[in-house]
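A short worksheet on the structure shown next.
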Amino acid sequence: MMTAKAVSVDVKTNVVMNLKHFSINEFDSPDLPNSGLNMDNDFLQMLDIAREIANIPFKINSGYRTKEHNKKVGGKSDSSHLVGKAVDIAYSNSRDRWIIITALQEAGFNRLGIAKTFVHTDNDQTKSPDVIWTY
């Protein structure tokens, strides 16, 4: 006789499996394997939509960060990366920068940081909305 065993599935893992354009390990902190599972589900869904809109690859430079890694890279003590609600997306030319920024805004992101080689975005509701800053 065969019996079925109930398996508990973490909601984050379940949502991540539905991402069209990313694998969860792209969001890992370099010092903690599988830490991409700490990314916020709503954030990842919005990012997947932005990637669909952009129709170009998004190379994730930084996703989830441990406190140790955040300190190592000079991140702020209240960085949204620490709670899985931020990414830095690399770009190599101004056209890709435009496409990424436009797609992020169309997907609903309203917090953007622009650097020479990457765009930061987050959806951290504990911080001021409708802002763009430069590094």
Side-chain angles (χ1 to χ4, degrees):
M1 181 173 154
M2 185 179 229
T3 58
K5 181 179 177 185
V7 177
S8 175
V9 177
D10 184 274
V11 175
K12 287 183 181 181
T13 304
N14 194 24
V15 172
V16 168
M17 289 172 28
N18 291 325
L19 293 175
K20 182 176 180 182
H21 299 287
F22 301 99
S23 62
I24 196 60
N25 64 336
E26 292 180 75
F27 303 99
D28 286 354
S29 186
D31 59 337
L32 185 62
N34 299 315
S35 58
L37 289 170
N38 293 312
M39 292 296 291
D40 180 81
N41 295 329
D42 292 335
F43 177 85
L44 290 177
Q45 292 301 312
M46 284 177 67
L47 188 65
D48 209 38
I49 291 167
R51 168 55 184 84
E52 181 77 17
I53 292 167
N55 200 31
I56 63 169
F58 281 12
K59 181 183 182 311
I60 307 301
N61 281 350
S62 185
Y64 177 77
R65 292 182 190 163
T66 62
K67 288 181 183 178
E68 296 78 14
H69 182 67
N70 190 58
K71 186 175 182 179
K72 180 180 178 181
V73 299
K76 292 185 175 184
S77 62
D78 67 341
S79 171
S80 300
H81 289 276
L82 295 168
V83 293
K85 292 185 176 192
V87 292
D88 297 339
I89 305 166
Y91 62 83
S92 59
N93 60 66
S94 61
R95 181 70 181 150
D96 285 353
R97 179 176 58 222
W98 170 263
I99 292 168
I100 292 166
I101 291 169
T102 302
L104 289 168
Q105 290 178 310
E106 286 182 27
F109 287 101
N110 61 11
R111 292 183 45 80
L112 301 170
I114 315 300
K116 189 173 182 176
T117 60
F118 69 90
V119 174
H120 166 97
T121 193
D122 68 69
N123 70 343
D124 192 336
Q125 295 83 14
T126 67
K127 298 181 178 173
S128 298
D130 303 324
V131 293
I132 297 176
W133 63 92
T134 57
Y135 293 95

If you compare all heavy atoms of A50 against all heavy atoms of A103, which two are closest, and at what distance to 0.1 Å? O-CB, 3.3 Å
About how many Å separate OG of S29 and NZ of K67, when rounded to the nearest 0.5 Å? 13.0 Å
Kindly determine whether I99 and N55 satisfy side chain to side chain contact (heavy atoms under 4.5 Å, CB included), including the steps that lead there. CA-CA 9 Å; I99 292 168; N55 200 31; over 6 Å; no
Euclidean distance, R65 CZ relative to D31 CG, rounded to 0.5 Å: 11.0 Å
Are side-chain heavy atoms of H69 and L32 found at a separation under 4.5 Å? no
Side-chain heavy atoms of I89 within contact of I60, under 4.5 Å: yes
Does the pair Y91 and I114 meet the rule for a side chain to side chain contact (heavy atoms under 4.5 Å, CB included), with working shown? CA-CA 11 Å; Y91 62 83; I114 315 300; 4.1 Å; yes
As an exercise, state the distance from CG of L112 to CD of Q105, rounded to the nearest 0.5 Å. 5.5 Å
Stepwise side chain to side chain contact (heavy atoms under 4.5 Å, CB included) test for F43 and F109: CA-CA 9 Å; F43 177 85; F109 287 101; 3.4 Å; yes
Taking K85 as the fixed residue, which of M39, Q125, M46 is the one that meets the side chain to side chain contact (heavy atoms under 4.5 Å, CB included) rule? Q125
Residue set satisfying salt bridge (Lys or Arg N to Asp or Glu O under 4.0 Å) with R111, at least two apart, ordered chain then number -> D122
What is the distance from atom CZ of R51 to atom CG of L19, rounded to the nearest 0.5 Å? 12.0 Å
Sub-3.5 Å donor-acceptor pair from the side chain of S80 to the main-chain atoms of A86, do we have one? no
Donor-acceptor pair, distance only, cut-off 3.5 Å: does the side chain of E26 make one with the backbone of S23? yes
Tell me whether L104 shares a hydrophobic cluster with F22, the cluster being built from Ile, Leu, Val, Met, Phe, Trp, Tyr side chains joined at under 4.5 Å. yes
Aromatic ring pairing F118/Y135, orientation class (parallel under 30°, perpendicular over 60°, tilted between): tilted
Tell me whether D48 contacts the main-chain N or O of H21 through its side chain, where contact means a donor paired with an acceptor under 3.5 Å. yes
Honestly curious: do V119 and I49 fall in one hydrophobic cluster under the side-chain, below-4.5 Å linking rule? no
Can you tell me how far CZ of R97 sits from NZ of K116, rounded to the nearest 0.5 angstrom? 10.5 Å
Any donor-acceptor pair under 3.5 Å linking the side chain of Y64 with the backbone of V87? no
Step through the shown structure and confirm whether more than 12 heavy atoms of other residues, nucleotides or ligands are within 6.0 Å of NZ on K71. no
Using every non-hydrogen atom in the two residues, find where A90 and I100 come nearest and quote the distance to one decimal. O-CD1, 3.8 Å
Under a 4.5 Å cut-off applied to non-hydrogen side-chain atoms, are I53 and T102 in contact? no
Side chain to side chain contact (heavy atoms under 4.5 Å, CB included) for N123 and L47? Distances and angles first, verdict last. CA-CA 10 Å; N123 70 343; L47 188 65; over 6 Å; no
CG (N110) and OG1 (T121) are apart, to the nearest 0.5 Å, by 8.0 Å
Do D96 side-chain atoms and N93 backbone N/O form a donor-acceptor pair below 3.5 Å? no
D40 side chain reached by V83 side chain, heavy atoms, under 4.5 Å: no
Please check: side-chain N/O of D28 versus main-chain N/O of N34, any donor-acceptor pairing under 3.5 Å? yes
For H120 and W133, take the angle between the two ring planes, folded into 0 to 90°, and tell me which bin it lands in: parallel under 30, tilted 30 to 60, perpendicular over 60. tilted
